[in-house]
A.B. asks: 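Input: one structure, supplied below.
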Amino acid sequence: MKYVCIAVLCVSVIVAGKMFAGKYRRELKNGEAFLLFLSFAKSELLFCHSTVLEIVQKYARLHPHTLPFLESLNEPLSESVKEKLKRESALKQKQKELIADFFGSFGMQDAQGGEQLIERYMLLFNQENEALRKENENKIKLIERLSILLAAGVAIILF
């Protein structure tokens, strides 16, 4: 019975580490999802000539729950996005600022200007994601290794 309890405790420590590392995985996932949104917005702008709100609503309908701050938005879009970003915990502050700046400018120019704006923000957001990816991958590895070492330490101490 003692060994079963120790094994359960060790597994719990490892699972807790994975759950803690999940926060950093969500940050990476949301950054990649916003890049996909920018690509989607660019194609919609070029081929369908949709308004900004229509683009956002179509993306939210086609890809539900990938970017929660884009769901059920209303006019003015930039203010609505800013309000939802305040409650978003799975994004870094720099990412939130880039997203808010993008929606503050998106739709204020013609199709060619909108395309250029999207390309500029794709580049900026991609650079931010690369820096975040390197940082978060290191954190994830460290957390997982430390949880395994902690589980091993617990097992050694209790045996």
Side-chain angles (χ1 to χ4, degrees), residues 3-44 52-53 55-107 117-159:
Y3 299 114
V4 171
C5 291
I6 293 172
V8 168
L9 182 61
C10 292
V11 169
S12 298
V13 168
I14 292 171
V15 168
K18 291 217 177 266
M19 288 174 55
F20 188 68
K23 172 189 174 203
Y24 298 108
R25 285 189 183 94
R26 282 188 301 276
E27 287 178 359
L28 292 174
K29 183 181 149 204
N30 282 350
E32 291 169 1
F34 189 71
L35 281 171
L36 289 174
F37 166 76
L38 289 174
S39 178
F40 175 82
K42 182 179 175 183
S43 65
E44 284 293 310
V52 176
L53 187 58
I55 292 170
V56 171
Q57 289 173 339
K58 187 173 182 180
Y59 182 82
R61 197 173 48 251
L62 293 174
H63 306 281
H65 310 300
T66 55
L67 293 173
F69 61 89
L70 291 182
E71 294 177 1
S72 65
L73 295 175
N74 48 25
E75 293 289 344
L77 194 63
S78 62
E79 294 301 318
S80 185
V81 168
K82 284 180 186 177
E83 284 299 315
K84 291 210 174 198
L85 282 174
K86 288 179 184 175
R87 292 179 250 139
E88 184 65 41
S89 63
L91 290 170
K92 293 281 191 187
Q93 186 61 33
K94 178 71 174 170
Q95 290 176 316
K96 290 180 183 181
E97 290 170 6
L98 284 171
I99 293 169
D101 290 345
F102 172 75
F103 280 104
S105 303
F106 190 43
L117 178 76
I118 291 171
E119 288 175 357
R120 190 173 108 235
Y121 275 90
M122 284 176 84
L123 180 67
L124 290 171
F125 212 81
N126 196 27
Q127 290 171 346
E128 181 65 27
N129 268 4
E130 286 303 314
L132 185 67
R133 177 175 290 114
K134 291 176 185 173
E135 179 183 330
N136 281 3
E137 285 176 353
N138 288 336
K139 287 179 182 178
I140 290 167
K141 285 179 187 176
L142 181 64
I143 290 169
E144 289 177 348
R145 287 179 183 163
L146 287 175
S147 68
I148 290 171
L149 288 174
L150 180 61
V154 166
I156 290 170
I157 289 173
L158 295 178
F159 277 124

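Quantities reported herein were computed from a predicted structural model and do not represent experimental measurements.
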A.B. asks: Could you tell me which residues satisfy salt bridge (charged side-chain N to carboxylate O under 4.0 Å, His left out) with K141, sequence neighbours excluded, listed by chain and number?
C.D. replies: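 In terms of salt bridge (charged side-chain N to carboxylate O under 4.0 Å, His left out), with neighbours along the sequence ignored, K141 is linked to no residue.
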A.B. asks: Please, which pairs that meet side-chain hydrogen bond (donor to acceptor under 3.5 Å, both in side chains) have at least one residue in residues 31-40, sequence neighbours excluded?
C.D. replies: E32-R133
A.B. asks: Report the residues that fulfil salt bridge (charged side-chain N to carboxylate O under 4.0 Å, His left out) with K84, sequence neighbours left out, ordered by chain and then residue number.
C.D. replies: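 Not a single residue meets the salt bridge (charged side-chain N to carboxylate O under 4.0 Å, His left out) criterion with K84.
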A.B. asks: Minimum heavy-atom separation for A33 and T66, please, with both atom names.
C.D. replies: CB-O, 4.2 Å
A.B. asks: Just grab all the ring-ring contact (aromatic ring centres under 6.0 Å, His included) pairs involving residues 69-98, residues at least two apart or on different chains.
C.D. replies: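 Qualifying pairs, neighbours excluded: none.
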A.B. asks: Could you list the residues that satisfy salt bridge (charged side-chain N to carboxylate O under 4.0 Å, His left out) with E137, not counting sequence neighbours?
C.D. replies: none
A.B. asks: I need the I6 CD1 to C10 SG distance, nearest 0.5 Å.
C.D. replies: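 I6 CD1 to C10 SG: 7.0 Å, rounded to 0.5 Å.
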A.B. asks: Do the side chains of L9 and L158 get nearer than 4.5 Å, heavy atoms only?
C.D. replies: yes
A.B. asks: What do you reckon, is CZ of F20 surrounded by more than 12 foreign heavy atoms closer than 6.0 Å?
C.D. replies: no
A.B. asks: Can you list every ring-ring contact (aromatic ring centres under 6.0 Å, His included) pair that touches residues 121-149, not counting sequence neighbours?
C.D. replies: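 Checked against ring-ring contact (aromatic ring centres under 6.0 Å, His included) - neighbours excluded - the pairs reaching residues 121-149 are F34-F125, F102-Y121.
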A.B. asks: Please confirm whether the backbone N or O of V8 pairs with a side-chain atom of S12, one donor and one acceptor, at under 3.5 Å?
C.D. replies: yes
A.B. asks: Salt bridge (Lys or Arg N to Asp or Glu O under 4.0 Å): which pairs involve residues 150-159, sequence neighbours left out?
C.D. replies: none
A.B. asks: Once you round to the nearest 0.5 Å, how far does CG of L123 lie from CG of L38?
C.D. replies: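 One finds 11.0 Å between CG of L123 and CG of L38.
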A.B. asks: I'd like to check the salt bridge (charged side-chain N to carboxylate O under 4.0 Å, His left out) partners of E71; sequence neighbours left out, ordered by chain and number.
C.D. replies: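 Partners of E71 under the salt bridge (charged side-chain N to carboxylate O under 4.0 Å, His left out) test: none.
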A.B. asks: How close do I14 and A151 get, counting heavy atoms only, and between which atoms?
C.D. replies: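 Taking I14 first and A151 second, the nearest heavy atoms are CG1-CB, 3.8 Å.
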A.B. asks: Could you give the distance from CG (L67) to NZ (K29), rounded to the nearest 0.5 Å?
C.D. replies: 9.0 Å
A.B. asks: Test L36 against Y59 for side-chain contact (heavy atoms from CB on, under 4.5 Å), laying out the working first.
C.D. replies: CA-CA 10 Å; L36 289 174; Y59 182 82; 4.3 Å; yes
A.B. asks: Restricting to non-hydrogen atoms, name the atom on L150 and the atom on V13 that form the minimum distance, rounded to 0.1 Å.
C.D. replies: CD2-CG1, 3.6 Å
A.B. asks: How many angstroms lie between CD in E83 and CD in E79, if you round to the nearest 0.5 Å?
C.D. replies: 7.5 Å
A.B. asks: Does K96 have any side chain to side chain donor-acceptor pair (under 3.5 Å) partners at least two apart in sequence or in another chain, and if so, which?
C.D. replies: none
A.B. asks: Going from CD1 on I99 to CD on E88, what distance comes out if it is rounded to the nearest 0.5 angstrom?
C.D. replies: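 Reported value, rounded in 0.5 Å steps: 8.0 Å.
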A.B. asks: Could you tell me which non-hydrogen atom of K92 sits nearest to which non-hydrogen atom of Q95, and how far apart they are?
C.D. replies: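 What the structure gives for the nearest pair is N-OE1, 3.0 Å.
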A.B. asks: How long is the straight-line distance from OG of S43 back to CD1 of I55, given to the nearest 0.5 Å?
C.D. replies: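 Those atoms lie 8.5 Å apart.
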A.B. asks: So which pairs with a foot in residues 143-156 pass salt bridge (Lys or Arg N to Asp or Glu O under 4.0 Å), sequence neighbours left out?
C.D. replies: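 Listed once each, the pairs are K18-E144, R25-E144.
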A.B. asks: Whether the side chain of N129 engages the backbone of G31 through a donor-acceptor N/O pair (distance < 3.5 Å, no angle test) should be reported.
C.D. replies: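 At least one qualifying donor-acceptor pair exists.
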A.B. asks: So, using ring-ring contact (aromatic ring centres under 6.0 Å, His included) as the criterion, who are the partners of F103 when residues are at least two apart?
C.D. replies: F37
A.B. asks: Report the residues that fulfil side chain to side chain donor-acceptor pair (under 3.5 Å) with K94, sequence neighbours left out, ordered by chain and then residue number.
C.D. replies: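 Per chain and number, K94 pairs via side chain to side chain donor-acceptor pair (under 3.5 Å) with no residue.
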